[in-house]
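Notes follow the structure.
Since this is a predicted model, take the numbers as computed values, not measurements. So you know, we letter chains A, B, ... as the sequences are listed, proteins then strands, and number each from 1. All values below come from the heavy atoms of this structure, side chains included, with hydrogens, waters and symmetry mates left out.
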2 protein chains.
Amino acid sequence: MELAEKEAVPRRKTGRPLSFDRDAALEQAMLTFWRYGYETTSIVDLTTAMGVTAPSLYTAFGDKKRLFLEAARRYAGDPEAMAQALDDAETACDAARAMLTSAATAFTGEATPRGCLLASATASGSSASADVQQAITDIRGGVAIRLRARITRDVEAGILPLDLDVAALAGMVMAIIQGMSVMARDGMDRPELLAIVERTLQAWPVCRT
Amino acid sequence: MELAEKEAVPRRKTGRPLSFDRDAALEQAMLTFWRYGYETTSIVDLTTAMGVTAPSLYTAFGDKKRLFLEAARRYAGDPEAMAQALDDAETACDAARAMLTSAATAFTGEATPRGCLLASATASGSSASADVQQAITDIRGGVAIRLRARITRDVEAGILPLDLDVAALAGMVMAIIQGMSVMARDGMDRPELLAIVERTLQAWPVCRT
DNA sequence: CGAGTTCCATAGTGACCGCTCTGAAATAGA
DNA sequence: TCTATTTCAGAGCGGTCACTATGGAACTCG
């Protein structure tokens with residue numbers, strides 16, 4: 001539940017120090033979950049990638065679920081920073097374009113797995129991990145909420161029509177992001193994804209002005 | 001490899017007959033994979049849903065991989081029928097609209113799991129199932145190819161502009177389908193998905209004429 | 001230097017995984 | 001009815017799963 005509270009500063013004063021870089025290990029865990037998914041990544045996969053033994057992993061991160069959620073939070077980045085980026089864009093259309101192009105770029109990185117961790121890692125799973133799936137769903141929902149808020153701001157500013165279906169417009173952007181994740185995993189390259197982004201933005205009301 | 005050949009008619013003449021409806025059992029297997037994914041569905045999950053014992057499952061379907069691929073083929077339906085439906089539509093835009101609305105409807109059915117089996121069941125997985133993931137990717141790719149062909153037909157007929165990026169337009173439709181699968185799984189209802197479809201189709205060149 | 005604390009690696013734990021061995025039961029053809 | 005063939009259900013195969021008990025090693029503090 002409130003596992004984010006004691007996480008930041010549980011710093012011990014005495015005792016043997018950590019023999020590995022916790023942050024670097026978390027990064028490797030994130031990349032492993034990104035590539036193989038939550039349930040379909042084994043502890044052995046993780047310990048191998050992170051370069052630590054199983055007991056060290058459990059001491060440092062709790063268990064597989066908490067490690068995954070921490071990795072997912074690291075992947076998602078600071079929600080406030082995303083909200084700020086959306087707000088800083090001149091228009092909601094610019095904000096959406098920035099979201100989509102950065103997604104298309106991130107999904108086709110050379111040094112990372114393809115696609116989106118949040119879209120693929122818990123896309124399916126047993127009922128035993130329903131709570132983890134819900135947590136990731138909530139992160140996605142948070143992005144959608146912030147995007148809708150940014151669009152609504154443009155409606156209220158008179159930039160977008162008053163009768164606009166804000167949820168549908170935001171939903172289109174979210175759907176393209178999740179869809180591009182699948183297609184990037186299928187091997188589609190970055191220019192193709194960016195072309196999809198530009199085509200999709202043609203659906204934006206009066207964005208072309 | 002060529003497991004589709006001897007499948008249709010391996011009918012034995014003697015011996016104890018099957019005590020269950022193979023087709024109905026396959027249907028239940030499909031629904032189970034649809035809900036829980038490929039690797040994250042256990043044999044016990046399957047035998048429970050199908051109402052058969054493990055040895056019966058293996059005798060009738062081979063192994064987990066072959067059962068899944070057969071279920072996926074059943075889910076995808078006849079590719080020729082889909083190609084025919086695309087061709088029968090008056091325009092490529094109508095064909096795309098039909099694809100998208102039927103996807104939005106199928107992803108929010110009352111009697112089925114939510115989302116798309118082909119989009120979610122192998123969205124992530126260990127490297128041990130890379131061949132299964134590739135098989136599902138190929139099915140998705142087949143849909144994209146047929147959609148591009150239908151769009152190209154409209155370009156050649158002068159309905160769509162000659163300089164149209166066909167791959168990008170088809171990719172947009174495919175991305176929306178995969179994306180709606182995720183959002184349907186997140187709980188989005190049918191009217192919301194259909195609103196996304198209509199908004200997205202605003203990006204279609206001169207579809208509104 | 002101890003005492004106390006924390007992390008280390010080895011070597012497991014029971015539970016579940018996909019899958020199959022076994023022998024009885026049910027059919028078709030002789 | 002007898003034989004051959006196929007499916008049935010129960011029990012269990014080796015392997016992997018997430019996770020941990022244990023005892024020694026490395027640190028801080030007094």
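One atom, CG of B:D63, and another, C1' of C:dC19, lie 9 Å apart when rounded to the nearest Å. Across the protein-nucleic acid pair, B:L18 atom CG and D:dT5 atom P stand 18 Å apart, rounded to whole Å. For B:D45 and C:dC17, the CG to P distance is 7 Å, given to the nearest whole Å. The CD1 atom of A:I43 sits 16 Å away from the P atom of C:dC17 (whole-angstrom rounding). Summarising the geometry, the separation between CD on A:E39 and P on C:dC16 is reported as 14 Å, rounded to the nearest angstrom. Atoms CZ (A:F61) and C1' (C:dC7) sit 14 Å apart, rounded to a whole Å. Straight-line distance from the OH atom of B:Y36 to the P atom of C:dC17: 13 Å, rounded to whole Å. For the pair A:L46 CG and D:dA18 P, the interatomic distance rounds to 8 Å; values are reported in whole Å.
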Contact letters for nucleotides 20-30 of chain C, in which S counts primed atoms plus P, OP1 and OP2 and B counts the base, heavy atoms under 4.0 Å: BB---BBBS--
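Relative orientation of the A:F33 and A:Y38 rings is tilted, given thresholds of 30° and 60° on the angle between their planes.
Across all strands shown, A:T41 has heavy atoms under 4.0 Å from sugar-phosphate atoms exclusively, and none from any base.
An OP1 or OP2 oxygen of C:dC17 is reached within less than 4.0 angstrom by a side-chain nitrogen or oxygen of B:S42. In terms of phosphate contacts, A:S19 brings no side-chain nitrogen or oxygen within less than 4.0 Å of OP1 or OP2 of C:dC7. Taking 4.0 angstrom as the limit, B:T53 places a side-chain polar atom (N or O) nearer than this to OP1 or OP2 of D:dA9.
Using a 4.0 Å cut-off between a side-chain N of Lys or Arg and a carboxylate O of Asp or Glu, A:D165 and B:R199 do not qualify as a salt bridge.
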